[in-house]
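In this text, all values refer to a predicted model and were calculated from it rather than measured experimentally.
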Amino acid sequence: MYSAPSLHTSNEFRLPFPTHVGISKVQFCHETGSNLLAVSAWDGTVRVYDVKDYSDSHECGIYYHGKPALCCTFIYFARFLHIVNLFNS
């Protein structure tokens, strides 16, 4: 059986993110030297990953928002993660 080679570039990362969950936004931290990546999802979770390279990425934290998390972004140089939804909290 032939297996196609795994092709990736320096800006692609393998994440341990559940495949059954719909992603609403992916946001890199813009702070120089930061390797943080936030992923918000329709199941109400926001996961933060430390992504160093393709094979070395791990989950730093998971936050359960309770409602679908439609957007997330880093503010104040990665000290805070802002989460947005359109539903009453």
Side-chain angles (χ1 to χ4, degrees):
M1 177 178 226
Y2 175 74
S3 177
S6 175
L7 301 175
H8 61 274
T9 61
S10 62
N11 63 349
E12 293 179 347
F13 305 97
R14 182 180 303 266
L15 299 176
F17 192 84
T19 57
H20 66 279
V21 177
I23 294 174
S24 58
K25 179 155 185 196
V26 175
Q27 177 71 50
F28 279 97
C29 178
H30 296 292
E31 182 177 352
T32 304
S34 175
N35 297 320
L36 296 179
L37 173 69
V39 180
S40 58
W42 282 93
D43 68 349
T45 59
V46 177
R47 291 172 167 83
V48 177
Y49 298 95
D50 184 5
V51 291
K52 291 184 176 57
D53 59 39
Y54 179 76
S55 62
D56 185 19
S57 61
H58 64 278
E59 190 173 274
C60 296
I62 183 170
Y63 308 97
Y64 185 69
H65 190 58
K67 306 278 185 181
L70 303 181
C71 185
C72 63
T73 191
F74 290 97
I75 55 176
Y76 300 114
F77 300 104
R79 293 189 186 115
F80 301 99
L81 184 65
H82 186 69
I83 304 164
V84 176
N85 73 25
L86 296 179
F87 305 97
N88 293 333
S89 296

Side chain to side chain, V21 and W42, heavy atoms closer than 4.5 Å = no
Contacts of N35 that satisfy side-chain hydrogen bond (donor to acceptor under 3.5 Å, both in side chains) - sequence neighbours left out = none
For D50, all residues meeting salt bridge (Lys or Arg N to Asp or Glu O under 4.0 Å), sequence neighbours excluded = K52
Looking only at heavy atoms, what is the nearest atom pair of A69 and V46, with distance?
-> CB-CG2, 3.8 Å
Minimal non-hydrogen separation, V48 against Y63, with atom names = CG2-CE1, 3.8 Å
Between the SG atom in C72 and the CD atom in Q27, the distance rounded to the nearest 0.5 Å is 6.5 Å
In Å, rounded to the nearest 0.5 Å, how long is the span from CG of L37 to SG of C29?
-> 10.0 Å
Hey, could you give me the SG/CZ distance between C60 and R47, rounded to the nearest 0.5 Å?
-> 13.0 Å
From Y49 OH over to I62 CD1, what is the distance, rounded to the nearest 0.5 angstrom?
-> 7.0 Å
Here the pair of heavy atoms bringing Y64 nearest to D43 is CE1-O, 3.3 Å
